[in-house]
Amino acid sequence: MDKNRILFGVVMFIATWLSGQHNPLITNYSTSDYKAHHQNWCVVEDDLGYLYSANTMGLLYGDGNSWEITKLRSNKIVRSVAFHNGKIYSGSHGEIGYWVKDDCGKFEYKDLTGLIDDQSLKNEEVWNIVPDGNSIWFQSFSVL
């Protein structure tokens with residue numbers, strides 16, 4: 001009976017050791033790495049592995065080695081980002097839109113706020129953006 005307990009203990013130890021928890025590769029970036037504000041509200045990755053962050057200073061983007069920041073014309077804080085069908089969507093205070101690269105490779109902002117007839121976004125922070133098939137949903141605390 002003791003041999004069975006020892007064998008069971010050894011088998012359990014080996015099984016636990018072999019199926020040990022794996023830690024994902026995580027890279028921490030400091031503000032001196034990306035040269036923007038320390039508050040990043042949301043981060044997404046595109047199909048090519050570039051990172052896009054809703055940063056207090058604007059849209060922060062880079063490949064992990066080099067970073068750039070581009071600001072909204074309104075200088076508002078970008079609070080949310082989402083990648084969908086090759087576009088980077090962003091939300092801020094009373095404003096929604098998307099970013100596309102121009103001929104020189106710099107991001108241009110296309111404001112979508114004017115497509116909303118009422119003033120429902122006027123005093124709202126857009127905190128979440130959800131791609132859904134061919135649709136994009138912008139969400140604040142009280143408006144979808």
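One-based numbering along the sequence shown. As the structure is a prediction and not an experimental result, all values here were calculated from the model.
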Colleague: Would Asp102 and Val100 count as a side-chain contact (heavy atoms from CB on, under 4.5 Å) here? Give the steps.
Modeller: CA-CA 7 Å; Asp102 64 14; Val100 290; over 6 Å; no

Colleague: What closest approach, in Å, do Thr113 and Gly94 show between heavy atoms, and which atom pair accounts for it?
Modeller: CG2-O, 3.5 Å

Colleague: For Tyr61 and Phe107, I'd like to know if the aromatic rings sit close, meaning centre-to-centre distance below 6.0 Å.
Modeller: yes

Colleague: Between Ser80 and Asn128, does any side-chain donor sit less than 3.5 Å from a side-chain acceptor?
Modeller: no

Colleague: Identify the heavy atoms of Ile69 and Ala36 that sit nearest to each other, and give their distance.
Modeller: CD1-CB, 3.9 Å

Colleague: Is the count of non-hydrogen atoms from other residues, nucleotides or ligands lying under 6.0 Å from Asp63 atom CG greater than 12?
Modeller: yes

Colleague: Would you kindly check if the NZ (Lys) or CZ (Arg) of Lys110 is within the cone defined by 45 degrees around the ring axis of Tyr98 and under 6.0 Å from the six-membered ring centre?
Modeller: no

Colleague: With a 4.5 Å cut-off on side-chain heavy atoms, are Tyr89 and Ile96 touching?
Modeller: no

Colleague: May I ask you to test the Trp67-Leu51 pair for a side-chain heavy-atom distance under 4.5 Å?
Modeller: yes

Colleague: As a test of understanding, state which of Ile129, Asn55, Val44 forms a side-chain contact (heavy atoms from CB on, under 4.5 Å) with Val81.
Modeller: Val44

Colleague: Can we say Lys106 and Glu108 salt-bridge, meaning some charged N sits less than 4.0 Å from an Asp/Glu carboxylate O?
Modeller: no

Colleague: Angle between ring planes, Phe83 versus Tyr52, binned at 30° and 60°: parallel, tilted or perpendicular?
Modeller: parallel

Colleague: Does Ser135 offer a backbone N or O that forms a donor-acceptor pair with the side chain of Asp132 under 3.5 Å?
Modeller: no

Colleague: Do Val126 and Ser92 have side chains that approach each other closer than 4.5 Å (heavy atoms only, starting at C-beta)?
Modeller: no

Colleague: Would you confirm whether Asn40, through its side chain, and Cys42, through its main-chain N or O, come within 3.5 Å as a donor-acceptor pair?
Modeller: no

Colleague: Tell me whether the rings of Tyr109 and Trp99 are parallel (<30°), tilted (30 to 60°) or perpendicular (>60°).
Modeller: tilted

Colleague: Which is it for Thr56 and Trp41 under the side chain to side chain donor-acceptor pair (under 3.5 Å) test, yes or no, and what are the steps along the way?
Modeller: CA-CA 8 Å; Thr56 295; Trp41 303 99; 3.1 Å; yes

Colleague: Among Glu125, His93, Glu95, Gln39, find the one that has a side-chain hydrogen bond (donor to acceptor under 3.5 Å, both in side chains) with Arg79.
Modeller: Glu125

Colleague: Strictly distance-based, threshold 3.5 Å: is any side-chain N or O of Lys35 a donor or acceptor partner for the main-chain N or O of Ser32?
Modeller: yes

